[in-house]
Amino acid sequence: MSLLSNDLLAGMNPPQREAVEYRGPALLIVAGAGSGKTRVLTHRIAGLIQNREAWPSQILAITFTNKAAAEMRERVEQLIGQASRGMWISTFHSACVRILRSEAERFGFTKSFTIYDSGDSKALIKRLVKQHEADSYGLTVSSVMGRISKLKNELADAESFARQANMSDPVERVFLEIFGSYQREMRRANAFDFDDLIAQTVFLFRAFPEVADTYRRRFRHILVDEYQDTNHAQYALIHELTRPIEDRIPAHEQSPAMLLPVMDAASLTVVGDSDQSIYAFRGADIRNISEFERDFPGAKVVLLEQNYRSTQNILSAANAVIGNNFDRKDKKLWTDVGDGEPIIGFTGYSQHDEAQFIADEIDALRAKGVAYSEMAVFYRTNSQTRALEEIFIRSAVPYKIMGGTKFYERAEIKDALAYLVAVANPADTMAVRRILNRPRRGIGAVTETTIQGIADRADITFRDALRDPAALGLGPKLSGAIAQLDALLDEATALMIPPGGEVPPASSVADGLSLLLNKSGYLDALRASRDPQDEARVENLEEFVVVAKDFARTTPDGTLIDFLTDVALVAAADEIDDSSGVVSLMTLHTAKGLEFDTVFVTGVEEELIPHRISANEPGGPAEERRLFYVGITRARQRLYLTLAMTRAQFGEVSAAMPSRFLQEIPVGLIDWRQTPGDVNSRGGTRSRALNSRGGSGGSGGYGGSGGRAGSGSRTGESWGIRPLPEGASANLGAPRRTGEFPNRITAKVRDNGDLTLEPGDRIRHDDFGEGRVDAVTGEGAKRVAHVRFDTAGTKKLLIKIAPIAKI
DNA sequence: AAACATGGCCTTTTT
DNA sequence: GGCCATGTTT
């Protein structure tokens, strides 16, 4: 007899039911991709509330993105209605901001602290690196930033680092100085960076056990999604929250009976899949999930393996790929919906070719009735968007890039935000300094340093130094400009943060923003500019004002600080608007947790996925494989795997090789429209690239040959690959040497290896005939031969892949 | 102080 | 091929 009403368990398979119904201190749900874990989580929460086992306010659910949080809240509300109000469903970062805002005053911050995004942190570290002349010790801004972030994720601060660092190494000393100054500056600015939000909350709980207790009493059921991607600080936070509450009554008042714990630990449910762990670079520690049973003795483990998302063909490919990671618990996704369509493979000659194929397929699918919003294009690196965008614009494919160059990273938006921060948190000197000369007020670096010096000597903030321009000893023009800025900031403050604790109207953020942008002359300066880009900047700012107005509508009691917090914590995946009829473009990382009918995974090449840089990192290649696996398993109906034979990077063309991961997919599963082998042995499709050199049939590019167009679908057999042997699809657990694998894509790729050519050499080209090498330039995959052909003129050829031989 | 020119360096992924 | 830092000119 079930504990829960039937409608919460209807249509669930046995392990899903168990995951919803189990009650105990700790539960680990190992949820394969598409196995219905969100459903399980929401039904579990709904069950707790419906059964009166918990009040909504006793539930804390942590998700990976704000969007996932909103979705989860909505689904719980659908199940049990308004009874769900009072739950905390949010990301780690949002939850911590909420806690820190109420407790900040205990440890030297105020409620109106601001949040530094990575750009802000970078700017501050850049200044400190310069100040400490750290570059002469080989310290770069990004290395310092990465190290500080890593240390904070491990809950180290400058003091604990100092205790274990090797102080005889001058580089370590300089790093420590910068780390220490960084912390001090952040504190002075009343600001936290992303990593602080988690780490400082942990420190707060450890320093003030009675504060921790109030949250422990409150949250009786804690649920964490995507547990495989938690880092140590997040793990510690969960540990702090799930400790039993001990008696803290002073000793002299204690009776012996009161020494016992007064309240059990909260119950903890975590959901994750180690095969989808893709954030090790950000400090995610896979051991958090793999050692969960050790950390929480007596924990129950439930495995969800049945997949409700994808076709069997897609799952077989995914299983085959991930099976090559050796140190994992074996787990196989399966479905009962049938094989579905084959996976489609395509190799373009260039990244533009690849993009054109995708655009054409999107067109064809659209004509067949597939909505744009059900199609997504994934890539490994953000730089790959360039070619896709060019071709999509030309082909009139509507698209949206999720999280690329983010709206909030644009200079004009950061400026507008700095104005708001200067009002909300005047201690944030970085923000005040940023707006000091924006728009141009004739205040340069020298004046800025003067003001900072005066502020330091008087021991006041930079903002307060602006209040008395006369005392700065500047000329009348500068003093006037500063007085004007000072008055404007005061006026905006009165509007957005009325004195006497009066609650400002919801519209005050948008009004204040408009006031600042107009009265500062910022918008006027842009409108007067002759730089054509400034027109777009004005539009962006207008859009930002609309964002502020929307905020007033959706969050009627939201303050300026709430607005800034929202803006600071938006994630790439949060932007996705399901109703919009456009194709979504995003990185493989951003794709995690999402699903689409049709998925294009692009740039499936060595050096890109697995990324070149990952090769030397411990666990790097395995993480890349998981990333590829995440991409594949996003697809419901149709999966495309595409790549290019040549790819331009840093303005230089180089030869690309098919990714090793392609070979891990059984050959029978992929229907190649154009194999890597087709492209240069037969000429492939004509290069339709924007930048393709003229000449006959697109053959003029690097290494290209005849202008014959590719001839549509081919079966594996027609290009000499034997069909998959009996039983081969099932034996993918053990790693094999790539050469033995049936899907020998790379064997079909022309690879001249280290063919060395020198000026003066004679060569023969499959299409251009014989010629003489004039010069050789470039390195490695980018080696280019400049060849003067006897009849075909001069051509530049990529030596690695061009159909040539030395005579 | 601002506008313009040149050269190095780069890109892995993000809350 | 583009961004950013630095140097040069007005």
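Lettering follows sequence order; numbering is per chain, from 1. All figures in this text were calculated on a predicted structure; none of them were measured in a lab. As a basis for the values below, the full set of heavy atoms in this structure was taken, side chains included, without hydrogen atoms, waters or symmetry mates.
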Say you pick atom C1' in B:dT13 and the same atom in C:dC4; how far apart are they, in whole Å?
22 Å

Here the pair of heavy atoms bringing A:Thr642 nearest to A:Glu354 is OG1-OE2, 2.7 Å

Provide, to the nearest angstrom, the distance between the CD atom belonging to A:Gln649 and the C1' atom belonging to B:dC10.
10 Å

Would you kindly give the NE2-to-C1' distance between A:His93 and B:dT14, to the nearest whole Å?
9 Å

Check whether any side-chain heavy atom of A:Phe205 sits under 4.5 Å from a side-chain heavy atom of A:Leu237, and report yes or no.
yes

Do A:Phe281 and A:Tyr279 have ring centres separated by under 6.0 Å?
yes

List the protein contact pattern of nucleotides 1-6 of chain B with one symbol per nucleotide (5' to 3'): B for base contact, S for sugar-phosphate-only contact, - for none; contact means a heavy-atom distance under 4.0 Å.
SSSS--

A:Thr587 near the nucleic acid: base, sugar-phosphate alone, or nothing, with a heavy-atom cut-off under 4.0 Å?
sugar-phosphate

Any salt bridge between A:Lys150 and A:Glu154, counting N to O under 4.0 Å?
no

Roughly how far apart are A:Thr633 OG1 and A:Asp273 CG, rounded to 0.5 Å?
8.5 Å

I would like to know whether A:Gln649 and A:Lys782 meet side chain to side chain contact (heavy atoms under 4.5 Å, CB included); could you show each step before the answer?
CA-CA 10 Å; A:Gln649 255 181 328; A:Lys782 284 180 277 203; over 6 Å; no

Which residues in residues 273-283 of chain A have a heavy atom closer than 4.0 Å to any atom of DNA chain B?
A:Tyr279, A:Phe281, A:Arg282

Once you round it to whole Å, what is the distance between C1' of B:dT12 and CE of A:Met145?
14 Å

List in numerical order all residues of residues 603-620 of chain A for which some heavy atom is under 4.0 Å away from an atom belonging to DNA chain B.
A:His611, A:Ile613, A:Glu617

Whole angstrom value for the distance that separates P of C:dG2 from CD of A:Gln384:
17 Å

B:dT15 phosphate, OP1 or OP2: any side-chain N/O from A:Asn231 under 4.0 angstrom?
no

Specify the separation, in whole Å, of atom CZ of A:Phe407 and atom C1' of B:dT14.
20 Å

Between the side-chain atoms of A:Ser383 and the base atoms of B:dT11, is any donor-acceptor pair under 3.5 Å?
yes

For the pair made of CZ in A:Arg626 and C1' in B:dT13, what is the distance, rounded to whole Å?
13 Å

Please report, rounded to the nearest Å, how far the C1' atom of B:dT15 is from the CG atom of A:Asp193.
11 Å

Listing, residues 192-202 of chain A side-chain donor-acceptor contacts under 3.5 Å, not counting sequence neighbours, or none:
unit_1   : atom_1 : unit_2   : atom_2 : d
A:Asp193 : OD1    : A:Asp195 : N      : 3.1
A:Asp193 : OD1    : A:Asp196 : N      : 2.7
A:Asp193 : OD2    : A:Lys152 : NZ     : 2.7
A:Asp193 : OD2    : A:Tyr182 : OH     : 2.8
A:Asp195 : OD2    : A:Ser149 : OG     : 2.9
A:Asp196 : OD1    : A:Lys152 : NZ     : 2.9
A:Asp196 : OD2    : A:Lys152 : NZ     : 3.3
A:Asp196 : OD2    : A:Asp193 : N      : 3.1
A:Thr201 : OG1    : A:Leu197 : O      : 2.6

CD1-OH distance between A:Ile358 and A:Tyr399, expressed to the nearest 0.5 angstrom:
13.5 Å

Please report the C-alpha distance between A:Arg647 and A:Glu607 in whole Å, then the side-chain angles of each, then the deciding distance to 0.1 Å, and finally whether the salt bridge (Lys or Arg N to Asp or Glu O under 4.0 Å) criterion is met.
CA-CA 11 Å; A:Arg647 190 166 290 274; A:Glu607 313 272 275; over 6 Å; no

Length of the line joining A:Glu652:CD and C:dG1:C1', which is rounded to integer Å
10 Å

Verify the neighbour count for atom CD of A:Glu535: are there more than 12 heavy atoms of other residues, nucleotides or ligands below 6.0 Å?
no

A:Lys122, NZ: over 12 other non-hydrogen atoms inside 6.0 angstrom
no

Under a 4.0 Å N-O cut-off, is there an ion pair linking A:Glu624 with A:Arg612?
no

Sorted by chain and residue number, the side-chain hydrogen bond (donor to acceptor under 3.5 Å, both in side chains) partners of A:Glu623 (sequence neighbours excluded) come out as A:Arg626

Start with the C-alpha distance between A:Lys414 and A:Asp117, add both sets of side-chain angles, then the distance that settles salt bridge (Lys or Arg N to Asp or Glu O under 4.0 Å), and finish with yes or no.
CA-CA 11 Å; A:Lys414 291 237 71 165; A:Asp117 67 18; 2.8 Å; yes

N/O (side chain, A:Thr590) to phosphate O (OP1/OP2, B:dT13) under 4.0 Å:
no

Return a single string for nucleotides 5-10 of chain C, one symbol per nucleotide in 5' to 3' order, where B is base contact, S is sugar-phosphate-only contact and - is none, cutoff 4.0 angstrom on heavy atoms.
SS----

